[in-house]
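Below is one structure; the comments refer to it alone.
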Amino acid sequence: MALAQLQTFTEKDYYNMPEDVRAELIDGQFYYMAAPSRIHQEILSFVFKKIAYYIDSKNGSCRVYPAPFAVKLFESDYGTIVEPDISVICDKNKLTAEGCKGAPDWVIEIVSPSSRSLDYVKKLLKYASAGVREYWIADPEKNSIMVYHFAEETMEAYTFSDKAKAGIFEDLEIDFAEINMQLQIQP
């Protein structure tokens, strides 16, 4: 008995999706995304504001974008476009009308029940191989923030009671205890 073949999709299919559909294209397959929870959005807003304020206060040249924001990690890969929850891009040559072509310097994903395996496995490997310098996985259900510094091949673990230091910036720390108190996330 023959096995059913999966249809392979491309960048063209991604950009032809209806505007009200959110999906990521990874290795030619669509991964549809449900609307994020309030806690997800609170964390995203909190972290995004901290990063944006830091960059503005330093007159920095990096740009920070919240999802939905299309990131084509590899120039020659027409089957992968992701939408990280937060992307920090310091090379303005990577910015296009559609989003970003090439690896962002820093990516943050906030885990939702439906995105758990994507964030911890598929995207981790994609981001590492694409040249993302730093990858954070914030998981409110596990009360954890995993910080991967790919260039140094190190990983640090934090909780929502800790301050996490950004590796791509000299003096940026994000105090997750502030959001923990707002959301009353239980350790």
Side-chain angles (χ1 to χ4, degrees), residues 14 17 19-26 30-55 62-73 80-90 94-96 98-150 155-160 162-169 172-176 178-180 182-183 185:
Y14 174 85
M17 283 191 313
E19 287 190 25
D20 62 339
V21 175
R22 284 208 49 221
E24 293 179 298
L25 179 64
I26 302 174
F30 278 116
Y31 293 85
Y32 294 95
M33 296 182 276
S37 69
R38 181 188 64 81
I39 289 174
H40 180 283
Q41 292 302 89
E42 291 280 351
I43 295 167
L44 186 147
S45 296
F46 173 79
V47 174
F48 175 82
K49 286 190 288 188
K50 294 288 185 185
I51 296 168
Y53 175 78
Y54 175 84
I55 291 170
C62 298
R63 308 289 299 174
V64 58
Y65 296 94
F69 181 73
V71 174
K72 183 177 177 182
L73 292 170
T80 299
I81 298 176
V82 293
E83 294 184 7
D85 287 313
I86 298 174
S87 302
V88 177
I89 298 107
C90 298
K94 292 180 179 180
L95 298 174
T96 68
E98 292 86 22
C100 177
K101 281 194 180 175
D105 293 272
W106 183 12
V107 169
I108 299 169
E109 295 285 6
I110 301 153
V111 176
S112 299
S114 63
S115 73
R116 187 166 298 285
S117 67
L118 280 177
D119 294 337
Y120 279 104
V121 180
K122 278 191 183 281
K123 287 184 180 180
L124 174 85
L125 295 172
K126 286 287 183 189
Y127 294 148
S129 63
V132 170
R133 292 169 47 200
E134 187 166 348
Y135 176 42
W136 290 21
I137 304 173
D139 191 334
E141 188 175 299
K142 290 185 174 184
N143 185 37
S144 69
I145 300 101
M146 306 303 292
V147 176
Y148 295 88
H149 303 281
F150 293 132
M155 188 273 298
E156 298 170 297
Y158 299 94
T159 71
F160 278 82
D162 297 327
K163 288 182 182 177
K165 180 171 180 343
I168 71 163
F169 297 118
L172 172 61
E173 286 186 326
I174 297 178
D175 186 354
F176 281 90
E178 292 177 31
I179 190 75
N180 190 9
Q182 292 172 20
L183 297 176
I185 296 171

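Model, not experiment: these values are computed from the prediction. Every heavy atom of this structure was used, including side-chain atoms; hydrogens, water molecules and symmetry mates were not.
- With hydrogens and angles disregarded, a donor-acceptor distance shorter than 3.5 Å links the side chain of Ser37 to the backbone of His40.
- Counting heavy atoms from C-beta on, the side chains of Lys94 and Lys101 never come closer than 4.5 Å.
- Taking the side chain as every heavy atom from C-beta outward, Val64 and Tyr54 never approach each other to under 4.5 Å.
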Problem - Test side chain to side chain contact (heavy atoms under 4.5 Å, CB included) applied to Val47 and Ile110, step by step - result: CA-CA 10 Å; Val47 174; Ile110 301 153; 5.9 Å; no

Exercise for the section: Would you check, one step at a time, whether the test side chain to side chain contact (heavy atoms under 4.5 Å, CB included) holds for Val21 with Phe30? Expected result: CA-CA 11 Å; Val21 175; Phe30 278 116; over 6 Å; no

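- With sequence neighbours excluded, the residues satisfying side chain to side chain contact (heavy atoms under 4.5 Å, CB included) with Lys50 are Phe46, Ile174, Glu178.
- Between Tyr148 and Tyr135, the ring planes lie parallel to each other; the angle is under 30°, not in the 30° to 60° tilted range.
- In the displayed structure, Arg22 atom CZ is contacted under 6.0 Å by more than 12 heavy atoms of other residues, nucleotides or ligands.
- A donor-acceptor pair under 3.5 Å links the side-chain atoms of Glu24 to the main chain of Glu83, judged by distance alone.
- One distance of note links CG of Leu73 with OH of Tyr127; it measures 6.5 Å at 0.5 Å rounding.
- Between Asp119 and Val111, the shortest heavy-atom distance links the atoms OD2-CA, 3.6 Å.
- If you take OH on Tyr158 and NZ on Lys163, they are separated by 12.0 Å, rounding to the nearest 0.5 Å.
- Scanning all heavy atoms of the two residues, the minimum distance from Pro84 to Val71 falls at CD-CG2, 3.7 Å.
- Taking both residues in full, the closest heavy atoms of Ile179 and Phe160 are given as CG2-CD2, 3.9 Å, listed atom of the first, atom of the second, then distance.
- Pro104 places none of its side-chain heavy atoms less than 4.5 Å from the side chain of Val88.
- In this structure, the separation between CG on Asp139 and CZ on Arg116 is 4.0 Å, given to the nearest 0.5 Å.
- Salt bridge status for Lys165 with Glu156: absent, with no side-chain N to carboxylate O gap under 4.0 Å.
- At least one donor-acceptor pair closer than 3.5 Å links the side chain of Thr96 to the backbone N or O of Glu98.
- Put simply, CD1 on Ile26 and NZ on Lys126 are 7.5 Å apart, with the number rounded to the nearest 0.5 Å.
- Nearest heavy atom pair, residue Pro140 against residue Ile39, reads CB-CG2, 4.1 Å.
- Ring-plane geometry between Phe176 and Trp136 is classed as tilted, the angle between the planes lying from 30 to 60 degrees on a 0 to 90 degree scale.
- For Asp85 against Leu44, the heavy-atom pair with the smallest separation is O-CD1, 3.5 Å.
- Taking CD1 of Ile137 as the reference point, atom CD1 of Ile145 lies at 11.5 Å (rounded to 0.5 Å).
- In this structure, Phe169 and Ile55 have side chains that are in contact, with non-hydrogen atoms separated by less than 4.5 Å.
- Contact detail for Phe69 and Ile89: the closest heavy-atom pair is CE2-CD1, 3.8 Å.
- Atom CG of Leu25 is separated from atom OH of Tyr14 by 8.5 Å, given to the nearest 0.5 angstrom.
- Side-chain atoms of Cys100 and Tyr65, non-hydrogen and from C-beta on, never get closer than 4.5 Å to each other.
- No more than 12 heavy atoms of other residues, nucleotides or ligands shown are found within 6.0 angstrom of CD on Glu141.
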